[in-house]
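A short write-up of the structure that comes next.
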There are 2 protein chains.
Amino acid sequence: MAEVTAPPTRRLEILSAAAELFARRGYHGVSIGDLGRAVGLTGPALYRHFRGKEALLAEMLLDISDRLLTEGERRAEAADSPALALDALLRWHIDFALDNPALITVHVRELSNVPQPQRREIRRLQRAYAEEWVRVLRLIHPESTDDRARSATHAVFGLLNSTPHSTGDLDRDTMTELLHAMASEAFAGAFRS
Amino acid sequence: MAEVTAPPTRRLEILSAAAELFARRGYHGVSIGDLGRAVGLTGPALYRHFRGKEALLAEMLLDISDRLLTEGERRAEAADSPALALDALLRWHIDFALDNPALITVHVRELSNVPQPQRREIRRLQRAYAEEWVRVLRLIHPESTDDRARSATHAVFGLLNSTPHSTGDLDRDTMTELLHAMASEAFAGAFRS
DNA sequence: GATACCTGTTAACGTTGATTAACATCGGAC
DNA sequence: GTCCGATGTTAATCAACGTTAACAGGTATC
């Protein structure tokens, strides 16, 4: 019995292919037919797995936002000091971005195409994730302000999420260390008066 | 014939409105009708000013790429030292991004929707602009590599271009100095062994 | 004051796209 | 062996979109 529902490998396969295509051509630039073809099916077959194109995008973004927030909070709270918590957030985000460049791209670009009930929830998760960074930053720099920490956080997100546009000149480990060094110093610079 | 062409104020008005809409909803998410309505016209009226939707986007991206490159090179070469040239590039890019958040967004997202003859030219300009940064960085850090400088440059572009996503919490001057400090330190961190 | 060009408009066309309907196959439960 | 749910397919529907055609007003020039 072990399993409650059959392994939904098809859904995941579709979501993965869709992320790739949405990242490359944008949500509206990809048709249901394209999506099906990418996994060896016809367009209408997708309706056996998703309510529609918007629902597919919504599920994708919800999943990303939730993973970022949940694991980010977990690692930050497991750290022994604010400085180490920031380091944990940085490493988690960098790993995620390097592992899932397409997801990061879609996450940052396509929110506006998600219909309302779920758009609000995704926004909430994204905001909560950013606020976790702000919280940790304020512990390290209590003399600063939330606004400044928030702007610095978004700037560092931009830096880390630039990964997809970097044509893989550097190997993975080098890239990880480069991004970590740049982001750390960027934060330091943000709070040096 | 005195005048070669009448002052193309309508064209500029359309381009400006289109940048705003493309940034918010994506190229395919905006119809010709939307574009016309945004400037108080009907859709087909746009064909009096542009060959079509793709041509409009192409012109927009060509103009941005050219302005970034031309003025960037001008300022970098007017500087008295590599360090000052980098500073000039930073200030130019920050000013441009804060002045034209919508253009920056479109510039970075919609290249794939430009048809081929012009897509290649835009790519060329974008690459040349990035290479100008790489060139200046290598003058400052001759012990590093082009690959590393290129990756660092793209990361800093990501940081600077995050502006549009930052909900204007900070005033313009504060934001300028924050971005400048973060980007400068990010570069420093990229080349500290 | 007729002519022509510039800049609009509305109506029509052809295509594409998301979605749904109707029908097929297949594997397991009974 | 039959029945059924899960998962596909192809054909049909309906709206939206980019583009073009046909037509109109205004201004400027001769």
Side-chain angles (χ1 to χ4, degrees), chain A residues 1-22 24-61 106 110 112-119, chain B residues 1-22 24-61 106 110 112-119:
Chain A
M1 54 123 51
E3 198 122 46
V4 179
T5 62
T9 155
R10 242 311 140 65
R11 285 173 66 80
L12 298 182
E13 191 186 358
I14 294 168
L15 283 168
S16 165
E20 223 60 52
L21 287 173
F22 288 164
R24 178 149 38 245
R25 310 214 292 265
Y27 175 76
H28 291 290
V30 178
S31 73
I32 290 277
D34 294 334
L35 254 26
R37 200 168 311 117
V39 294
L41 300 177
T42 61
L46 297 200
Y47 288 82
R48 299 296 172 195
H49 303 276
F50 298 93
R51 295 261 293 268
K53 200 185 172 190
E54 285 183 335
L56 191 158
L57 178 67
E59 180 166 331
M60 186 165 117
L61 292 195
V106 176
E110 306 292 359
S112 62
N113 292 307
V114 176
Q116 246 321 333
Q118 301 143 72
R119 166 132 110 253
Chain B
M1 58 135 56
E3 188 120 52
V4 180
T5 62
T9 157
R10 243 308 141 68
R11 286 174 65 80
L12 298 182
E13 192 187 358
I14 293 168
L15 283 168
S16 164
E20 222 60 54
L21 287 173
F22 287 164
R24 177 150 37 244
R25 308 214 294 266
Y27 175 76
H28 291 292
V30 179
S31 73
I32 290 278
D34 294 334
L35 254 27
R37 199 169 310 117
V39 293
L41 299 178
T42 62
L46 298 199
Y47 289 83
R48 299 296 173 198
H49 304 277
F50 298 93
R51 295 262 291 270
K53 199 185 173 190
E54 286 184 332
L56 190 157
L57 178 66
E59 179 165 332
M60 188 165 116
L61 292 194
V106 176
E110 306 292 0
S112 63
N113 292 306
V114 176
Q116 244 323 330
Q118 301 144 74
R119 166 132 110 254

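Sequence lines set the chain letters: A, B, ... in the order given, protein chains first and strands last, and positions in each chain run from 1.
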Here the distance between atom C1' of D:dA15 and atom NZ of A:Lys53, to the nearest Å, is 15 Å
For residues 48-57 of chain B, dump all side-chain donor-acceptor pairs below 3.5 Å to protein atoms at least two apart in sequence or in another chain.
unit_1  : atom_1 : unit_2  : atom_2 : d
B:Lys53 : NZ     : B:Tyr27 : O      : 3.0
B:Lys53 : NZ     : B:Val30 : O      : 2.7

For residues 25-43 of chain B, the salt bridge (charged side-chain N to carboxylate O under 4.0 Å, His left out) pairs (sequence neighbours left out) are B:Arg25-B:Asp34, B:Asp34-B:Arg37
Only counting residues at least two apart or in another chain, list the ones meeting side-chain contact (heavy atoms from CB on, under 4.5 Å) with A:Ser112. none
Check the distance between D:dG18's P and B:Arg37's CZ and give it to me in whole angstrom. 11 Å
Return the residues of residues 39-52 of chain A meeting this criterion: a heavy atom under 4.0 Å from some atom of DNA chain C. Order them by number, or give none. A:Pro44, A:Tyr47, A:Arg48, A:Gly52
Grab the two heavy atoms, one from B:Ile32 and one from B:Gly43, that are nearest each other, plus how far apart they are. CG2-O, 3.4 Å
Which residues pass the side-chain hydrogen bond (donor to acceptor under 3.5 Å, both in side chains) test with B:Gln118, sequence neighbours left out? none
All salt bridge (charged side-chain N to carboxylate O under 4.0 Å, His left out) counterparts of A:Glu110, not counting sequence neighbours: none
Atom pair distance, as rounded to whole Å: CG in A:Leu35 and P in D:dG8: 14 Å
Counterpart residues, side-chain hydrogen bond (donor to acceptor under 3.5 Å, both in side chains), relative to B:Glu20 (two or more places apart): none
Check each residue of residues 24-31 of chain A for a non-hydrogen atom within less than 4.0 Å of any atom in DNA chain C, then write out the ones that pass by number, or none. A:Val30, A:Ser31
Minimum heavy-atom separation for A:Ala17 and A:Val39, please, with both atom names. CB-CG1, 3.8 Å
From CD1 of B:Ile32 across to P of C:dT15 the rounded distance in Å is 19 Å
Nearest-Å distance, CG (B:Leu56) to P (D:dC17)? 16 Å
